[in-house]
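Everything on this sheet refers to the single structure shown next.
Treat the numbers as computed from the prediction; the structure is a model and nothing was measured. Atoms within a ligand are numbered from 1 in the order they appear, just like the ligands themselves.
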Amino acid sequence: KAKQTGRNKVCLYNHLLHQETQRKNLLEQDIHQALSLNQFVVHYQPQICTQTQKVKGVEALVRWQHPTEGLLKPYSFLELAEELNLIGNIGQWVLHTASHQLKHWQRQYHLNDDELTMSVNLSTFQLQDINLLNLVSDVLTSCDLSPSCLELEITESSIIHSPENIVGRLIELTQKGIKLSLDDFGTGYSSIKHLHLFPINSLKVDKSFIAAYEQKRSQDKVLEAMIKFAKYLGLSVIAEGVETAEQLAFCQAQGCDLIQGYFYSKPISAHDFESQYLVK
Ligand code: C2E
Ligand code: MG
Ligand code: MG
Ligand code: MG
């Protein structure tokens, strides 16, 4: 009986594996077309200032409006896009779309350059591109957007492999006036060792640290220390993944500058962001 159950489990596993491979093959064919068919969309998640309770920034997060699979989150296609060498194209599209959107909001709602910052995630591939500065500059020029309105999010894991090459590229971006933030802080391997090398303006405390907050002193001390550490380095601190009032109160008390999380809002469409956060 036990053997039978085991065999069924193996069969089921093979079946699922096969389905997964098939699904991947299908996605692979689709992803090539998705860019030309304009199926990617950008959703926007507000970053709220702890001092003023107002929206100060917004993170652009890509989704894929798949014709049969529905709205797909990045984890289900970004890795595949990377394997297919399409991540650069998608990244550039997101950068352009988000910059264009911000310019539109600035005009429509009479926003000054310092009122709303657009944050865009950069993939490892984009960071390794020697043309990165030109690509970003071209987008800013074509959207007539000031560099100070743009913040590029990088992760530690994407810089540890060749920090020397990448640091130079990042310095060029900041010299142009673009801001940089370190995403998912605390989950990489080199958090402290390389931190002073990177010309970053802000640090995003990874949501796993916020999720661990349960008023248990032992765990909170790590979060508390991370925030203090960032502040000590003169960085602005963004708490990511804040879902509850308790987490919010803690982050606020510890001196976080911005809060991003479901407590305020999930990532939403440009239209919803506009009607919920921008006023004429
Ligand atoms: P990330 O850059 O760390 O973005 C934050 C992620 O946390 C988003 O997931 C967001 O929806 C989620 N999040 C925000 N607040 C909460 C919360 O309170 N609770 C929970 N459980 N989650 C929260 P999303 O949109 O699925 O994106 C996942 C990752 O995909 C991003 O993590 C980023 O690494 C990557 N990504 C998204 N868009 C792009 C893009 O345009 N280019 C690149 N290279 N990567 C992207
Ligand atoms: Mg991010
Ligand atoms: Mg993050
Ligand atoms: Mg990430």
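Rounded to the nearest 10 degrees, the angle OD1 (N121) to the Mg ion (ligand 2) to OE2 (E59) equals 90°.
With respect to E172 and K176, no salt bridge is recorded, no charged nitrogen being found less than 4.0 Å from a carboxylate O. With respect to K179 and E153, no salt bridge is recorded, no charged nitrogen being found less than 4.0 Å from a carboxylate O. Classification of D257 and K231 as a salt-bridged pair holds, one side-chain N sitting under 4.0 Å from a carboxylate O. With salt bridges taken as basic N to acidic carboxylate O contacts below 4.0 Å, one links K103 and D144.
Under 4.0 Å from ligand 1, not a single heavy atom of I87 appears. Counting heavy atoms under 4.0 Å from ligand 1, residue D206 does not touch it at all. When non-hydrogen atoms are compared, ligand 1 lies under 4.0 Å from the side chain of Q45 (C-beta onward) but not from its backbone. Under 4.0 Å from ligand 1, the heavy atoms of V242 that appear belong solely to its backbone. The proximity of K266 to ligand 1, defined as any non-hydrogen pair under 4.0 Å, does not occur for either the backbone or the side chain. Both the backbone and the side chain of V62 come within contact range of ligand 1, each with a heavy atom under 4.0 Å. Contacts between P267 and ligand 1, counted as non-hydrogen atom pairs separated by less than 4.0 Å, involve the side chain only. If you look at K204 next to ligand 1, there are no close heavy atoms at all, none under 4.0 Å.
Here the two rings, on W105 and Y44, have centers that are under 6.0 Å apart.
Ligand 1 has no nitrogen or oxygen under 3.5 angstrom from a nitrogen or oxygen of Q260. Here's the thing with K73: none of its N/O atoms is less than 3.5 angstrom from an N/O atom of ligand 1. On a distance-only criterion, Y75 and ligand 1 share no N/O pair closer than 3.5 Å. Residue A60 has no nitrogen or oxygen atom sitting less than 3.5 Å from a nitrogen or oxygen atom of ligand 1, judged on distance alone.
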| Criterion ring pair (Phe, Tyr, Trp, His ring centres under 6.0 Å) on Y264 and Y277, from CA distance to verdict | CA-CA 11 Å; Y264 285 114; Y277 292 95; 8.4 Å; no

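In summary, D184 places an N/O/S atom under 2.8 Å from the Mg ion (ligand 3), meeting the contact criterion. At a cut-off of 2.8 Å, E240 does not coordinate the Mg ion (ligand 2) through any N, O or S atom. Here D183 reaches the Mg ion (ligand 3): one of its N/O/S atoms is less than 2.8 Å from the metal.
Evaluated for a ring pair (Phe, Tyr, Trp, His ring centres under 6.0 Å) with F250, the options Y213, F209, F263 yield exactly one hit, Y213.
Close to ligand 1: G241, with a non-hydrogen atom less than 4.0 angstrom away. Contact between E59 and ligand 1 is present, with at least one heavy atom of the residue lying under 4.0 Å from the ligand.
Relative to the six-membered ring of Y75, K73 misses at least one condition, a distance below 6.0 Å or an angle of at most 45° to the axis.
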